[in-house]
Amino acid sequence: MEEKYNPGAIESKWQQAWEKERLFKVDTEPEKEKYYLLEMFPYPSGNIHIGHVRNYTIGDVVARYKRMRGYNVLHPMGWDAFGMPAENAAIANNSHPATWTYENIANMRSQLKKIGFSYDWDRELATCRPEYYRWEQWLFLKMYAKGLAYRKESYVNWCDPCQTVLANEQVEAGMCWRCGKEVRQKKLWQWFFRITDYAEDLLVHCDKLPGWPEKVITMQKNWIGKSIGAEIRFPIIGGPGEKTDEISVFTTRQDTVFGVTFMCLAPEHPLVITLSEGTAQAAAVNVFIERMSRQDRTAKAVENYEKEGVFTGSYCLNPMSGREMPIYTANFALMEYGTGAVMCVPAHDQRDFDFAQKYGLDIVVVVNPADEDLTVDELTAAYTGEGVMINSGSFDAMPNREAMEAIARHLEAHGLGKKTVSYRLRDWGISRQRYWGAPIPMIHCPTCGVVPAPEEDLPILLPEDANLLEGGGSPLPGLEYFSSVSCPRCGSGEARRETDTMDTFVESSWYFERYCSPDYTEGMFDKRAVDYWMPVDQYIGGVEHAILHLLYSRYYTRVLHDMGLVKYKEPFTCLLTQGMVCKETTACPEHGFLLPGDVAAGEGTPRCAICGEAVTIGRVEKMSKSKKNVIDPNILLERYGADTTRLFCLFAAPPERDLEWSEQGVDGGYRFLNRVWRYAAACMDDLKTVSPYTGAPDTLEAGLKKLCKKTHETIRRVTRDIEDRFHFNTAISAVMELVNAMYALEDAPDAPHRNSVVRFAVESAILLLSPIVPHFAEEVWAALGNRTSIFKAPWPAYREDALVKDELLIVVQVNGKVRSRFTAAVDADDEFLRQRALSDDRALKFIADKPVKKVVVVKKKLVNIVV
RNA sequence: GCCCGGGUGGCGGAACUGGUAGACGCAAGGGACUUAAAAUCCCUCGGAGCUAAGUCUCUGUGCGAGUUCAAUUCUCGCCCCGGGCACCA
């Protein structure tokens, strides 16, 4: 063993050894218990950043640990390779998204290899390869055949100058990020997956995922947003022109139906135009609709707008109260939720109340709280609580809870409505008017309409020689040889290929299955491999994916399940949502967001390294390529090596916690490894010839006994920290304490078993650290005389009998404050502890002459004397 | 705005299921070794106060209430920070 720890040399040496030995290559071994460990695959943005390192280190520790526990561990890695940044980069560099993407993959792969992750690289996949997306297209055809994929009109952010669709991220304060002009909402025919068919099933199974964090379950449930209520139909009254005869609304407060005084329709609602046509309001309504089309209509944005609306000029009838009610179109009504129409009850809904005040609309109280009588004149806010019905005909005097049920039944009996369940969840829009994505395998024929591409034509290849357009639009519609096809049904030469590509969330909804048989050519995956490996036992990734990616994956899995392709409904048995690595952003007025390396710190205010302008420091937020607040781990890797980098990322915080990046402390990790190294190197000659001590510690010399017990205790602590909760920071602390104990050993060189006990301590420390600092551990392990990899060694076990404490420290409190301590035998009973505490000198000082009111004895812990 | 998290020394964090707040590490200060530096080792280290000495006193886990013999931990109200909000991935 070298005297000095030299990470550079040992890391490349072991990386080569692992690769040569194919140490992490796995295959189905039906007789062995499998463990599928998966980390969310990265978007190949160019460089691995520290957030990736954190995520993948956590996964690697678990993978290596499980291998040592005897599992057949599948631990794959690949690339979520389609997506918008490749197009932006291609426009900026005048290159091609594919070139950029594959270069990034090559670079990032080599970075990951340098960190020593134990992937089975033979299973690597990239979603932008036709061998991958052809099966996604195949499934799309199956989904289309089952009605799970369909087309409907919906809105996109549209920039007229750039002639392109913008992602939400590309819209900054309502303006296009490229040209700075106003963005408007444009209606397009787009493809959707019918996830709403599975809303109930996805919801019900939320409670059958005990391995998922509670917070993620809650977020998913809220996202699905089931609400139980009623659909009520309001007949439209007279007016000029041809009119649909009723408006249907969904409400959870059918008890307040007698208090409905007006209606609001979403500006996109098809009735808005017909209702206002020919009335004096027509012009005002058109202006309103026009203005709304230029606004961001997402729920988030709508919540922040001042509530406003316009009268449509038409009325409808409240079927319960008989009231004639004006119909408005209002900005807060969303077409996506319920029926796109809201029955407004100003007395019992704050938003409706504000709206009624603003436009001078009637208010009718229908629910009275128990202790007072509400009058319209005195009402300053909506009353949303429970109470007793009034002004509600035959339902008066009924508690409103009961009225909900009674009114629902009444509506149903009289054909005015029915009890309904509504979900907030909307169908998954998968159409992207982009180039760098998987083509949707459909054809538009002027005579046959929408026709699926024949299965034997798959994959529908994304043309590789397209040039990206300046404004960011997709070149696909303009590529004749791609978009011009003959209709598979009638043979017409006038047919056009669908030029929308799929949302990249589709690729990430089944990559975990593809990993099971990445080279399979007969289908999406080899059923036998999937039956063996799936579901994923442990999935690890950022909390930012808690809703969309995870919900889409759960949905896609159900689709596969119902087609008989897989046996399970839930793809991920256990989930660990890693906290994000955050950092403040830095921006230059001239050059926009700056990488940390482009900020010149120096004296006074930080400046832009390119132009010297003063840099504005933004808020702390998650590291992302677009904000450029990313830390390149290369500096750490070069200076300290992979093991220290890994150790530091884990030691900094428990995995689920967000981490504001700071390099403070990385030296400590490096020092610790050196400290272990020096200890091992110094006593290696003595240790090589003995085997580790496995006996009970009791008969050992005092110092050795202490070290032996500490070692067993450390094995237990580390095992629990890894196994139960992935708290590697405390696991590392525990080993640090063990190493401190090794140094603190007062040496008795001639005591029996001396070298064996030290070997046990050193070897245990190395084994416990091995998943975290694998190269370091291999090197010391080899120096101890081992011929095979440490990762073929079993995880260390501890002796229960070595954990028994000889005596305990008992705390004496007076009125809850710690006043004294004493040691007692482990089996001391309550009465003994009580007497011992009551006679304690220091406790007596605080008791003084006050009478003792109560004494609380907590076994093995404390005695609290209340005076 | 809505939903989900988080807030503990100068810093990262620890504290099992309500039972000694600050483990482990970083930074800082002091000392040892050295011609010197690095490395290493030892000591101090939440705040305030008192002392000849401390097993000293008070105070302290974002803020304010509450439950309890006992609250970082449970309950309620508030403040601040992060994430998600359906085309970033």
Side-chain angles (χ1 to χ4, degrees), chain A residues 40-43 45 80 82-85 88 156-157 165-171 213-216 218-223 225 298-305 336 424-434 503-505 508 542-549 551-552 577 579-580 582 619-622 624-627 648 651-654 656-660 662-669 671-672 674-675 678 720 724 727 729-730 732-737 740 743 809-821 841-842 853-856 858 861-867:
Chain A
M40 290 179 185
F41 63 167
Y43 178 79
S45 58
D80 188 11
F82 274 137
M84 208 177 49
N88 295 333
V156 292
N157 300 313
V165 174
L166 299 176
N168 289 341
E169 191 193 47
Q170 298 174 310
V171 182
E214 198 50 52
K215 61 172 175 179
V216 177
T218 314
M219 282 191 263
Q220 296 232 331
K221 283 183 180 173
N222 290 341
W223 187 259
T298 59
K300 164 171 63 166
V302 166
E303 292 284 353
N304 290 323
Y305 295 142
E336 294 89 22
R424 206 185 71 99
L425 181 69
R426 306 199 307 257
D427 275 340
W428 174 11
I430 60 140
S431 270
R432 296 293 180 270
Q433 295 70 34
R434 301 248 166 75
D503 180 7
T504 58
F505 275 126
S508 57
V543 249
E544 66 271 27
H545 296 290
I547 297 174
L548 293 181
H549 162 58
L551 193 69
Y552 291 149
T577 46
M580 282 148 303
C582 300
R619 62 189 188 93
V620 172
E621 53 193 313
K622 109 174 146 162
S624 77
K625 191 179 161 56
S626 54
K627 302 273 167 62
F648 177 61
F651 189 58
E656 69 279 3
R657 185 119 136 195
D658 286 349
L659 187 60
E660 193 179 328
S662 151
E663 264 170 52
Q664 279 229 335
V666 64
D667 276 317
R671 265 205 293 268
F672 168 66
N674 273 291
R675 202 165 140 79
R678 275 198 313 277
R720 290 205 175 165
D724 298 351
H727 276 205
N729 57 332
T730 50
I732 294 165
S733 293
V735 182
M736 284 175 167
E737 283 187 42
N740 288 345
Y743 274 94
L809 187 68
I810 304 295
V811 165
V812 183
Q813 296 183 334
V814 178
N815 285 343
K817 284 184 182 167
V818 180
R819 296 304 183 183
S820 182
R821 297 172 173 86
D841 285 348
R842 293 176 35 73
K853 285 192 206 144
K854 188 176 178 182
V855 179
V856 181
V858 181
K861 286 234 167 79
L862 64 74
V863 180
N864 188 11
I865 302 162
V866 187
V867 294

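Letters A, B, ... are given to chains in the order of the sequence lines, protein chains preceding strands, and every chain is numbered from 1.
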Query raised in the report: For B/C41, what is the paired nucleotide under Watson-Crick or G-U wobble rules, both distances under 3.5 Å?
Result: B/G31
Report task. Return the nucleotide paired to B/G5: Watson-Crick means purine N1 to pyrimidine N3 with N6-O4 or O6-N4, wobble means G-U with N1-O2 and O6-N3, both under 3.5 Å. Result -> B/C81
With rounding to whole Å, what would you report as the distance between [N] and [M] at their [atom1] atoms?
N     : M     : atom1 : answer
B/G10 : B/C58 : P     : 22 Å
B/U35 : B/G54 : P     : 36 Å
B/C3  : B/A65 : P     : 27 Å
B/U8  : B/G62 : C1'   : 10 Å

Does [N] have OP1 or OP2 sitting under 4.0 Å from an N or O in the side chain of [X]?
X      : N     : answer
A/R671 : B/C41 : no
A/R675 : B/A39 : no
A/N729 : B/A14 : yes
A/K622 : B/G84 : yes
A/K854 : B/C69 : yes

Nucleotide of [options] approaching [X] most closely (side-chain heavy atoms):
X      : options             : value
A/R657 : B/G83, B/G7, B/C4   : B/G7
A/E737 : B/A23, B/A89, B/C56 : B/A23
A/H727 : B/A86, B/A14, B/C87 : B/A14

Query raised in the report: Do A/R424 and A/N222 have a side chain donor and acceptor closer than 3.5 Å?
Result: no
Query raised in the report: Side chains of A/S626 and A/E169: donor-acceptor distance under 3.5 Å anywhere?
Result: yes
**Report entry** Sugar-phosphate only, base, or nothing, as touched by A/A652 at under 4.0 Å among non-hydrogen atoms
**Finding:** sugar-phosphate
